[in-house]
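Notes follow the structure.
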Amino acid sequence: MSRTPRVARTLPALRRELDSLRARKASTALVPTMGALHEGHMSLVRLAKRRADKVVVSIFVNPTQFAPTEDFGSYPRTWKEDVAKLEAERVDLIWHPDAKAMYPDGFATRIVPDGPALAGLEDRFRPHFFGGVATVVAKLFTQCRPDVAVFGEKDYQQLRVVSQMARDLDLGVRVVGSRTVRERDGLAMSSRNVYLSADERRVAPTLHRVLKQIATRLRAGDGMQAAVRDGAATITDAGFALDYLEVRHAETLAPIGAKESGPKRILVAAKIGTTRLIDNIAV
């Protein structure tokens, strides 16, 4: 039986609700989102429920991680549908601040992350992005004081940045990554997939298919440069504008040599039409 989650929109209300959740020393997990929830988000919620007694989901479309040329104004906002999905999952609390609550007049502090935030992947194309992410996530962590926070692996560089920040700043939050949830044809679920035209949607799974082909070749001992070069050609031939296709160290995101050992991650970002898609898989 579902129950309607409590909703907090101001910091005093959030603190009252959190105090109530913790009245019996319950552990809490936070799932930060920007709304427009899909099955990928629900998988994060289910993992959070396995890791803690109570689950808080934040819904906040963060303006500081969008460049002026990006889709902040048109980013999908589906509040009623989001609440219904969280109710079905028996989420305990929704933290739904507005921009004024998160960035009040006079707000003047930003976090400037280093390390994986400067890996030359997303940061090459969205140099504003990880500063905005790190600042808002640090605020969410200090506002909600969770024991655990759950992030999806689809935004893999973001996961590494947030994990590093929580560790470096002693925020007392254990950051947990959750595997990417995919459509039946392999396309990684994303709130931005709604922007794809029918033709673009048919082509979009090319990214995941190429990642799997490269991983297979690397495991078989093929040369990394050739595998990546062939994969890039397949992606561009399919009609994408490729931003990057890289094999990196899975923990640091540092470039790796062709014969270097250790965990590896293949990451891709490409635009088809007006929609930019990202994906990654482990090797």
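In this chain, residues are counted from 1 in sequence order. Every value quoted in this text rests on a predicted model; they were computed, and no experiment measured them.
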Subject >> Electrostatic pair D243-R276, nearest N-O below 4.0 angstrom >> reply: yes
Original post:
Can you check whether P116's main-chain N or O pairs, donor with acceptor, with Q157's side chain at less than 3.5 Å?
Top reply: yes
Subject >> Carboxylate-amine/guanidinium proximity below 4.0 Å for R209 and D185 >> reply: no
Original post:
Same hydrophobic cluster for V45 and V56, using side-chain heavy-atom links shorter than 4.5 Å among ILVMFWY?
Top reply: no
**OP:** Apply the test side chain to side chain contact (heavy atoms under 4.5 Å, CB included) to residues S58 and L30: give CA-CA distance (whole Å), side-chain angles for both, the deciding distance (0.1 Å), then the verdict.
**Re:** CA-CA 7 Å; S58 64; L30 172 67; 4.2 Å; yes
Subject >> Donor-acceptor under 3.5 Å (E200 side chain, S197 main chain) >> reply: yes
**OP:** May I ask you to say whether R126 pairs ionically with E70, meaning some side-chain N is under 4.0 Å from a carboxylate O?
**Re:** yes
**OP:** Consider only side-chain heavy atoms of I, L, V, M, F, W and Y, link residues closer than 4.5 Å, and tell whether W95 and V150 are in one cluster.
**Re:** no
**OP:** Measure from the side-chain N and O atoms of S163 to the backbone N and O of V175, and report whether any donor-acceptor pair falls under 3.5 Å.
**Re:** no
Original post:
Is the backbone of A233 close enough, under 3.5 Å, to the side chain of T236 for a donor and an acceptor to pair up by distance?
Top reply: yes
Original post:
Linking I/L/V/M/F/W/Y whenever any side-chain heavy atoms sit under 4.5 Å apart, do V161 and V176 land together?
Top reply: no
Original post:
Rounded to the nearest 0.5 Å, how far does CG of L277 lie from CG of L187?
Top reply: 6.5 Å
Original post:
Got a donor-acceptor contact below 3.5 angstrom from the T275 side chain to the K271 backbone?
Top reply: no
Subject >> Worked check of salt bridge (charged side-chain N to carboxylate O under 4.0 Å, His left out) between K25 and D53 >> reply: CA-CA 9 Å; K25 297 185 179 179; D53 302 316; over 6 Å; no
Original post:
Atom CZ of R9 and atom CG of L14: how far apart are they, to the nearest 0.5 Å?
Top reply: 12.5 Å
Subject >> Straight-line distance of R229 CZ to I214 CD1, nearest 0.5 Å >> reply: 11.5 Å
Original post:
Quick one: which of R46, K85, R182, R184 gives a salt bridge (charged side-chain N to carboxylate O under 4.0 Å, His left out) with E39?
Top reply: R46
Original post:
Do L218 and I235 belong to the same hydrophobic cluster, where Ile, Leu, Val, Met, Phe, Trp and Tyr are linked whenever their side-chain heavy atoms lie under 4.5 Å apart, directly or via other members?
Top reply: yes
Original post:
Just wondering, more than 12 heavy atoms not from R6 lying within 6.0 Å of its CZ?
Top reply: no
Original post:
Does the salt bridge (charged side-chain N to carboxylate O under 4.0 Å, His left out) test come out yes or no for R179 and E153, once each step is laid out?
Top reply: CA-CA 5 Å; R179 66 177 183 82; E153 288 188 350; over 6 Å; no
**OP:** Working to the nearest 0.5 Å, report the span between CG of N280 and OG1 of T180.
**Re:** 5.5 Å
**OP:** Mind checking the CG-CZ spacing from L121 to R265? Nearest 0.5 Å is all I need.
**Re:** 12.5 Å
Subject >> Approximate separation, where rounding is to 0.5 Å, of F130 CZ and M165 CE >> reply: 12.0 Å
Original post:
According to a 4.5 Å side-chain heavy-atom criterion applied to Ile, Leu, Val, Met, Phe, Trp and Tyr, with indirect links allowed, do L140 and Y103 form part of one hydrophobic cluster?
Top reply: yes
Subject >> Axial cation check for Y75 ring with R77, 6.0 Å and 45° limits >> reply: no
Original post:
When you measure from the side chain of T28 to the backbone N and O of V55, does any donor-acceptor pair fall under 3.5 Å?
Top reply: no
Subject >> Ion pair check, R192 and D71, cut-off under 4.0 Å >> reply: yes
